[in-house]
Amino acid sequence: MTVIQHVGCKLNRKREKLWLIRCDCGREEVYPNNWIPYCESHAKSHSAKYACIPCMKGPCTVCGGPITDPNKTNICSPECKKIDAKNRSLAIYHKKKADDPNFSQKRAQQRLDYLERNPDAKRKSKEYARKLSAQRRLDPEYRAKQKQNWLDWYDRNKDHVKAYYKAWHEENREWVNEYLREYKRQMPEEQRKRYYERDRAKLLQKLRDDPDYYKRVLAGQRASKQKSAQEKDIAELLSMFQVIEEKLNE
């Protein structure tokens, strides 16, 4: 560190001198007189500096940038301070979750119990959630990030999701078909047209991509009709046998 020249004095009671200093890194800054190790006794003082503030502080622990504020320890800006606080909170959360796998569920249940005991806090929480949701819907970066996170999760769990929905649909097939029929009946005319046009476009695209798709659909329809006809014949036979049995018993 090299002293270049005297540039003035501080406007305080002591009228400390100010000096222009060039650090070994090439940065030039103005330091007060008590920061400069001008003699052997002062060199041992805690206030003596042997480099510029960014060199003494080192890089920011969050972004790696220089720290120019002498009052800051290892963070360069308020934005980095928020990120550092968030990272510390996440580290504490992951540590607690590693110690207790059910930590998230317990904390969520505690939060729900607290909101049930305090209706005013529950109302404020809902208002804040609605406000935050409205703000996020208007943020294209957040929406793109959420969409990408969902796509990544779906790619990791694609087989499980498909198997789950297939099993659920098979179990609730009648309810789903009845719900869709009722939904289409109550649909406005313009919306119904758009609905059918969209389905028609999807079907045409499937036929273009896979010419054998139509054959498979017809085969599935024929199999379904045969199965329903067999079930109907069996039901009629059972009813006939029941009538004959009743007459024989008489």
Side-chain angles (χ1 to χ4, degrees), residues 23-25 27 29 35 44-176 179:
C23 181
D24 294 339
C25 67
R27 186 180 283 104
E29 293 185 356
W35 284 25
K44 299 177 182 180
S45 173
H46 293 291
S47 61
K49 307 292 187 293
Y50 292 90
C52 63
I53 293 172
C55 289
M56 288 188 297
K57 297 286 186 180
C60 175
T61 57
V62 177
C63 66
I67 301 173
T68 57
D69 191 345
N71 297 322
K72 297 187 183 299
T73 54
N74 57 354
I75 299 173
C76 64
S77 64
E79 291 77 13
C80 288
K81 186 175 181 180
K82 289 181 181 179
I83 296 173
D84 182 67
K86 184 177 179 180
N87 292 339
R88 289 173 182 270
S89 178
L90 284 174
I92 294 171
Y93 168 76
H94 288 306
K95 184 177 182 303
K96 289 183 177 180
K97 192 170 182 180
D99 296 339
D100 183 6
N102 297 324
F103 172 73
S104 298
Q105 291 81 352
K106 291 179 181 178
R107 189 173 68 170
Q109 190 60 45
Q110 288 176 359
R111 175 68 177 169
L112 291 174
D113 295 341
Y114 170 77
L115 293 176
E116 289 296 330
R117 293 194 303 269
N118 299 273
D120 195 26
K122 186 176 182 179
R123 177 182 56 80
K124 290 180 180 179
S125 177
K126 287 185 176 180
E127 290 177 358
Y128 175 76
R130 284 195 291 267
K131 183 179 178 181
L132 185 62
S133 178
Q135 291 176 353
R136 286 175 171 175
R137 281 197 298 270
L138 299 175
D139 187 358
E141 293 182 1
Y142 177 81
R143 294 181 65 182
K145 184 179 178 181
Q146 288 295 99
K147 184 178 180 180
Q148 188 60 43
N149 290 340
W150 188 89
L151 290 174
D152 294 341
W153 178 87
Y154 182 76
D155 288 337
R156 292 194 303 269
N157 303 275
K158 186 184 297 183
D159 297 335
H160 174 72
V161 172
K162 287 184 176 180
Y164 172 80
Y165 278 110
K166 185 177 180 180
W168 183 87
H169 193 274
E170 288 294 334
E171 185 179 351
N172 302 275
R173 182 183 294 274
E174 295 181 1
W175 179 85
V176 171
Y179 175 81

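We count residues from 1, following the sequence as given. When reading the values below, keep in mind they use all heavy atoms of this one structure, side chains included, and skip hydrogens, waters and symmetry mates.
- Annotation: the span from Lys97 atom NZ to Leu90 atom CG amounts to 11.0 Å, rounded to 0.5 Å.
- Using a 4.5 Å heavy-atom cutoff, the side chains of Ser125 and Arg111 are in contact.
- When side chains are defined from C-beta on, Asp100 counts as touching Asn102, because their heavy atoms get closer than 4.5 Å.
- Residues Tyr142 and Gln135 fail the side-chain proximity criterion, which asks for heavy atoms closer than 4.5 Å.
- A donor-acceptor pair shorter than 3.5 Å can be found between the side chains of Asp152 and Gln148.
- Residue-environment remark: OH (Tyr154) exceeds the threshold of 12 foreign heavy atoms within 6.0 Å.
- Under the 3.5 Å distance criterion, the side-chain polar atoms of Asp84 are left unmatched by any main-chain donor or acceptor of Cys80.
- Salt bridge annotation for Asp99-Lys96: absent, with no cationic side-chain nitrogen under 4.0 angstrom from a carboxylate oxygen.
- The residues Asp113 and Arg117 are annotated as not salt-bridged, no charged nitrogen and carboxylate oxygen being separated by less than 4.0 angstrom.
- Annotation: Glu141, atom CD; neighbour count of heavy atoms from other residues, nucleotides and ligands within 6.0 Å does not exceed 12.
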Per-pair distances, 0.1 Å, donor-acceptor, side chain in residues 157-168, under 3.5 Å, sequence neighbours excluded:
from   : atom 1 : to     : atom 2 : distance (Å)
Asn157 : ND2    : Trp153 : O      : 2.8

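- In this structure, NE2 in His169 is found 10.0 Å from CH2 in Trp175, a value given to the nearest 0.5 Å.
- You'll find the side chain of Glu116 reaches within 4.5 Å of the side chain of Lys122, heavy atoms only.
- More than 12 heavy atoms of other residues, nucleotides or ligands sit less than 6.0 Å from atom CZ of Arg173.
- Partner Glu127 forms a side chain to side chain donor-acceptor pair (under 3.5 Å) with one of Arg123, Lys131, Lys124 and no other, that one being Arg123.
- The side chain to side chain donor-acceptor pair (under 3.5 Å) check on Arg130 picks up nothing, with sequence neighbours excluded.
- Lys145 contributes atom NZ, which lies 9.5 Å from atom CZ of Arg136 (distance to the nearest 0.5 angstrom).
- Atom-to-atom distance recorded for Ile83:CD1 and Ser77:OG is 7.5 Å, nearest 0.5 angstrom.
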